[in-house]
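Proteins get letters first, then strands, A, B, ... in listed order; numbering begins at 1 in each. Remember, predicted model here, so these are calculated numbers, not experimental data.
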Amino acid sequence: MGIPTVITMMYKQVVDALRPPRVAYARFPFGQPLGEPGNVDQQRVIVEDSLKLLTTASEPGTLEALPYRWRREDYAKIRKERG
Amino acid sequence: MDVKDLLENPRTAGFSRIKYLQSYGTEEQMGEFLNSLFLEAFNAKYSGDWDAFVSFMEEWEDVALTGQFKSMEMPEGDIPWATLSKPLSSAKVALLTTGGLYIEGQEPFERGDTSYRRIPSDVRKEDIRIRHRGYDNGPANQDINCVYPLDRFKEMESEGKIGELSGTGYSFMGMINDTETLINDTAPDVARALKQDGVDAVFLAST
């Protein structure tokens, strides 16, 4: 039995061709897959959304496009609303 | 002036995608992009519809990346699949990255390096180094959590959202052309190590 894996990827063209088992895709700048330096809320939102795929993805090759628009989101509010 | 020179830009985050148009786009595409850029910018200025401008930029980012991607080789066959055998709140999770991270005292990565480095989870963050030419290392040097969310996982561990952060993470280089060694040697080695570590799930940050 293998080990369940989730990847945060920012390169959709590679996701489509590589077909990893579970991918959380965000159109973030290369080098910052989890978010900006010091932005704890942003980083947590991305980590939590990605980890969620470990339990929600039901078939190999699941790609979840995360809706976040880099700086144009209120990540603190998103986290607060989740409780 | 060469149209290519017009796309010369600093290695800042904002340019991380569109810069590939300079390397992989045709001169015709570069010209079309720059020409439309003026038009789209003024449309946005007068209409106030900046979402349309964002879509325009993203379309061209995709053109640029599709060009770069064409030079890569991809594996064939079935998609690997394993499912989590327990709730996340009791699972041992390991952190992996392709960000080219290593620790002070370890051998730095070379270009195309297929080896890997062990990153103990109790590492002092100031001892983590990066050697990777494929992305702007600036943000990650400022806060390693951008590419290796060690602090975020420690928080989630103490909040009980994950069972445990594994004591060892693994770091790889990116932009590796020798995928054969990666698939046949490196990945199985690390998979065995993760099994030995008793890991239930893996989170991999690709840079």
Side-chain angles (χ1 to χ4, degrees), chain A residues 1-63 69-72 79 82-83, chain B residues 12-17 54 58 61-62 65-66 68-70 72 74-75 78-85 87-88 91 93-94 96-97 99 132 134-149 151-153 155-156 161-162 191 194-195 199-207:
Chain A
M1 186 65 175
I3 303 168
T5 300
V6 63
I7 313 182
T8 59
M9 279 183 92
M10 297 174 292
Y11 199 149
K12 198 156 182 305
Q13 289 77 6
V14 172
V15 176
D16 293 341
L18 188 61
R19 300 172 305 135
R22 301 171 192 81
V23 170
Y25 166 77
R27 190 188 278 268
F28 284 179
F30 291 151
Q32 298 170 81
L34 281 308
E36 288 195 275
N39 195 335
V40 173
D41 291 316
Q42 185 183 29
Q43 295 169 3
R44 268 296 286 268
V45 166
I46 303 303
V47 167
E48 285 174 12
D49 280 13
S50 306
L51 286 178
K52 212 164 99 184
L53 283 181
L54 286 168
T55 45
T56 58
S58 55
E59 55 173 15
T62 298
L63 166 74
R69 303 164 305 163
W70 193 232
R71 281 184 190 155
R72 294 181 295 151
R79 264 190 83 187
R82 286 178 184 181
Chain B
T12 55
F15 286 107
S16 71
R17 290 163 186 273
V54 170
E58 292 188 343
E61 286 176 349
D62 286 342
L65 292 185
T66 301
Q68 191 220 12
F69 159 72
K70 277 184 188 151
M72 297 181 189
M74 290 293 161
D78 288 341
I79 302 176
W81 188 247
T83 51
L84 196 59
S85 57
L88 209 50
V93 186
L96 270 63
T97 183
H132 196 307
Y135 67 92
D136 176 9
N137 301 166
N141 276 328
Q142 210 182 314
D143 177 8
I144 201 65
N145 292 293
C146 293
V147 291
Y148 196 70
D151 291 329
R152 304 294 82 81
F153 272 79
E155 288 162 11
M156 290 183 76
K161 293 197 168 161
I162 59 167
L194 287 164
K195 277 280 181 197
V199 163
D200 298 306
V202 163
F203 174 95
L204 167 61
S206 137
T207 49

Shortest non-hydrogen contact from [X] toward [Y]:
X: A:Y11; Y: B:F69; result: OH-N, 3.3 Å
X: A:R72; Y: B:V54; result: NH2-CG1, 3.6 Å
X: B:C146; Y: A:G35; result: SG-O, 3.3 Å
X: A:I7; Y: B:S206; result: CG2-CB, 4.0 Å
X: A:S50; Y: B:F203; result: CB-CE1, 3.5 Å
X: B:A201; Y: A:L54; result: CB-CD1, 3.8 Å

Atom [atom1] of [X] and atom [atom2] of [Y]: how far apart are they, to the nearest 0.5 Å?
X: A:L34; Y: B:I144; atom1: CG; atom2: CD1; answer: 10.5 Å
X: B:L88; Y: A:K52; atom1: CG; atom2: NZ; answer: 11.5 Å
X: B:I79; Y: A:R22; atom1: CD1; atom2: CZ; answer: 11.0 Å

Would you call [X] and [Y] a side-chain contact if the rule is heavy atoms closer than 4.5 Å?
X: A:I3; Y: B:D200; value: no
X: A:L51; Y: B:K161; value: no
X: A:P4; Y: B:T83; value: no
X: A:Q43; Y: B:D143; value: yes
X: A:F30; Y: B:T207; value: no

So which residue, [options], ends up with the most heavy-atom pairs under 4.5 Å with chain B?
options: A:R19, A:R69, A:K12; answer: A:R19
options: A:G61, A:A17, A:P20, A:A24; answer: A:A17
options: A:M9, A:E59, A:E36; answer: A:E59
options: A:G2, A:P37, A:S58; answer: A:P37

Of the backbone (N, CA, C, O) and the side chain (C-beta and beyond), which part of [X] lies under 4.5 Å from a heavy atom of chain B, both, or neither?
X: A:R27; answer: both
X: A:A57; answer: both
X: A:Q42; answer: neither

Note to self: Is it true that, when you exclude A:R71 itself, more than 12 heavy atoms of the residues, nucleotides or ligands shown sit nearer than 6.0 Å to its CZ?
What the structure shows: no

Check: Of all of B:N141, B:V147, B:I162, which one pairs up most often with chain A through heavy atoms under 4.5 Å apart?
Finding: B:V147

Checklist line | Heavy-atom pairs under 4.5 Å with chain A, option from B:E61, B:Q68, B:E58 with the top count | finding: B:E58

Margin query: If the threshold is 4.0 Å, N to carboxylate O, is there a salt bridge linking A:E48 and B:R152?
Written below: no

Next item on the list: Output, in order, the C-alpha distance, side-chain angles, deciding distance and verdict of side-chain contact (heavy atoms from CB on, under 4.5 Å) for A:T55 and B:L84.
Entry: CA-CA 7 Å; A:T55 45; B:L84 196 59; 4.0 Å; yes

Notebook entry, point to check: When you check the side-chain N and O atoms of A:Q32 and B:Y135, is any donor under 3.5 Å from an acceptor?
Noted result: no

Next item on the list: For A:R79, check side chain to side chain contact (heavy atoms under 4.5 Å, CB included) against everything at least two apart and list the hits.
Entry: A:V40, A:D41, A:R44, A:V45

